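Note that this is a predicted model, so its numbers are computed, not measured. When a ligand or atom number is given, it counts from 1 through the structure's own listing order.
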Amino acid sequence: MPELRLEMNDPNTVRVCLLVSIVLLSCFCVKSQLTTDFYSSTCPNLLKIVRKQVKDAIKRETRMAASLLRLHFHDCFVNGCDGSVLLDGSNGEKFAGPNLNSARGFEVVDSIKRAVESQCSGVVSCADILAIAARDSVLLSGGPTWKVLLGRRDGLVANQTGSNTNIPSPFDTLDTIINKFANVGLNTIDVVALSGAHTIGSARCVTFSNRLFNFSTADAVDPTLDSTMAADLQSLCPENGDGNKTTSLDRNSIDLFDSHYFTNLVNNKGLLSSDQILFSSDEALSITKAIVEKYTDSSTFFTDFVNSMINMGNINPLTGSNGEIRKNCRVVNS
Ligand code: HEM
Ligand SMILES: *[C@@H]1O[C@H](CO)[C@@H](O)[C@H](O)[C@H]1NC(C)=O
Ligand SMILES: *[C@@H]1O[C@H](CO)[C@@H](O)[C@H](O)[C@H]1NC(C)=O
Ligand SMILES: *[C@@H]1O[C@H](CO)[C@@H](O)[C@H](O)[C@H]1NC(C)=O
């Protein structure tokens with residue numbers, strides 16, 4: 001029997017050490033337990049089913065792409081991507097500030113879930129459906145595509161307080177927004193790249209009218225808002241008017257997923273304060289301004305957006321035997 005030798009100049013020892021380090025690395029460094037082929041045997045047509053439903057929904061209403069993309073974001077930021085945003089009930093996240101009179105697309109999620117259930121019952125989580133629908137919405141709006149990591153399970157509770165505290169507000173400072181992202185493990189690049197989601201969709205007057213009237217003691221109108229656009233928004237959203245009226249987040253190319261959101265920021269044409277501060281705030285000068293400028297190039301933006309969507313989709317997923325596979329995305333199983 002050969003004696004056990006552990007000298008580093010022994011090629012066998014080196015090989016064993018290498019193998020051990022690779023195994024250790026894969027245990028500690030790969031944070032995601034999600035996989036792209038999670039449903040390949042249990043629901044082989046899943047991606048096709050979801051794509052068709054999302055395509056039909058966008059055909060009925062173009063804005064639905066934006067609404068579905070936003071649901072995945074509002075799901076993931078509240079204690080992880082666990083479908084919690086979809087739960088009905090007065091203590092649900094639907095009644096939290098960021099979602100009330102604002103989050104939409106729940107009926108479309110229901111119809112995707114029904115279509116999925118009819119082919120593979122009790123197998124696919126609502127959290128994963130949101131992740132796939134978000135990807136499809138971006139792609140079908142002209143944006144990039146990526147392989148969606150899957151295997152999330154659905155949470156058993158909603159968290160209204162979590163929704164109110166974790167999801168950034170359009171009135172937050174850049175520091176606060178960066179902190180809220182950091183709290184869920186996302187960095188400053190993720191902040192800027194994911195904000196680029198505002199290249200599609202709409203926002204209500206109440207989310208930006210503070211910039212139009214009585215902005216500050218020094219300025220009636222936010223000085224970082226282009227004056228022609230300000231005048232246009234003032235007539236669209238008069239003081240004491242209908243705060244629920246909406247306008248496009250990217251007035252340059254409303255329904256197209258492109259880099260015009262960032263071009264707008266460079267031209268003082270961001271709609272929300274939280275958009276424009278990425279380029280114009282004092283804090284931005286040292287942190288995010290250069291990233292905004294970089295993303296006016298769409299291929300640079302697309303590459304980082306995909307990467308950040310995967311990061312966001314990896315926030316604290318329930319896996320294994322945690323949580324459940326909800327039968328109906330609106331209620332936990334009895
Ligand atoms: C960085 C912090 C963010 C803030 C402060 C913010 C804020 C907002 C606000 C105020 C609206 C309009 C809501 C309304 O009218 O009631 C909105 C819409 C939207 N947001 Fe964000 N958002 C942020 C990040 C994100 C991220 C990370 C995504 C997705 C990756 C996203 C996707 C969207 C989309 C697609 C819409 C349009 C939805 C529709 O038309 O139905 N947002 N956001
Ligand atoms: C709700 O969210 C808050 C903020 O993230 C967190 O501190 C709290 O533990 C959450 N509650 C539940 C029941 O998950
Ligand atoms: C600013 O606010 C004050 C008090 O809230 C109001 O009386 C005034 O009309 C406002 N000014 C403008 C320009 O809207
Ligand atoms: C927006 O619409 C909702 C539901 O119809 C209503 O309850 C709310 O008061 C409206 N908000 C504003 C700011 O007008």
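Looking from atom 35 (C) of ligand 1 to the surrounding protein, the closest heavy atom is Ala66 O, 3.1 Å. What sits closest to atom 19 (C) of ligand 1 on the protein, heavy atoms only, is Arg70 CD, 3.2 Å. The nearest protein atom to atom 12 (C) of ligand 1, hydrogens excluded, is given as Ala203 CB, 3.5 Å; this is a heavy-atom distance. Among protein heavy atoms, the minimum distance from atom 33 (C) of ligand 1 is reached at His198 CD2, 3.4 Å. The single protein non-hydrogen atom nearest to atom 39 (C) of ligand 1 is Arg63 NE, 3.3 Å, given as residue, atom name and distance.
Taking the six-membered ring for Trp and thresholds of 30 and 60 degrees, Phe77 and Phe181 have ring planes more than 60 degrees apart, a perpendicular arrangement.
Backbone and side-chain nitrogen or oxygen atoms of Asn101 are examined, and none is located within less than 3.5 angstrom of a nitrogen or oxygen of ligand 4. Remark: ligand 2 and Thr165 share no N or O pair separated by less than 3.5 Å (distance only, no angle test). The shortest N or O to N or O distance between Thr161 and ligand 2 is not below 3.5 Å. Any N or O atom pair closer than 3.5 Å counts here, and Ser274 shares no such pair with ligand 1.
Aromatic ring centroids of Phe279 and Phe262 lie 6.0 Å or more apart.
Of all the heavy atoms of Val157, none lies under 4.0 Å from any atom of ligand 2, so neither backbone nor side chain is involved. The backbone and the side chain of Leu194 each have at least one atom closer than 4.0 Å to an atom of ligand 1 (non-hydrogen atoms only).
Atoms of ligand 2 lying under 4.0 Å from any heavy atom of Asn166, numbered from 1 in the order shown and given with element: 4 (C), 5 (O). Those atoms of ligand 2 with a heavy atom of Asn79 less than 4.0 angstrom away are 1 (C), 2 (O), 5 (O), 10 (C), 14 (O).
Between the side chains of Asn268 and Thr224, not a single donor N or O lies within less than 3.5 Å of an accepting N or O.
In this structure, Phe181 is part of the shell of residues with a heavy atom less than 4.0 angstrom from ligand 1. Taking 4.0 Å as the cut-off, Val191 does not count as a neighbour of ligand 1 on heavy-atom distance.
Heavy atoms from other residues, nucleotides or ligands lying under 6.0 Å from NZ of Lys269 number 12 at most.
Contact check on Arg60 versus Asp56 returns no salt bridge, with no Lys/Arg side-chain nitrogen under 4.0 Å from an Asp/Glu carboxylate oxygen.
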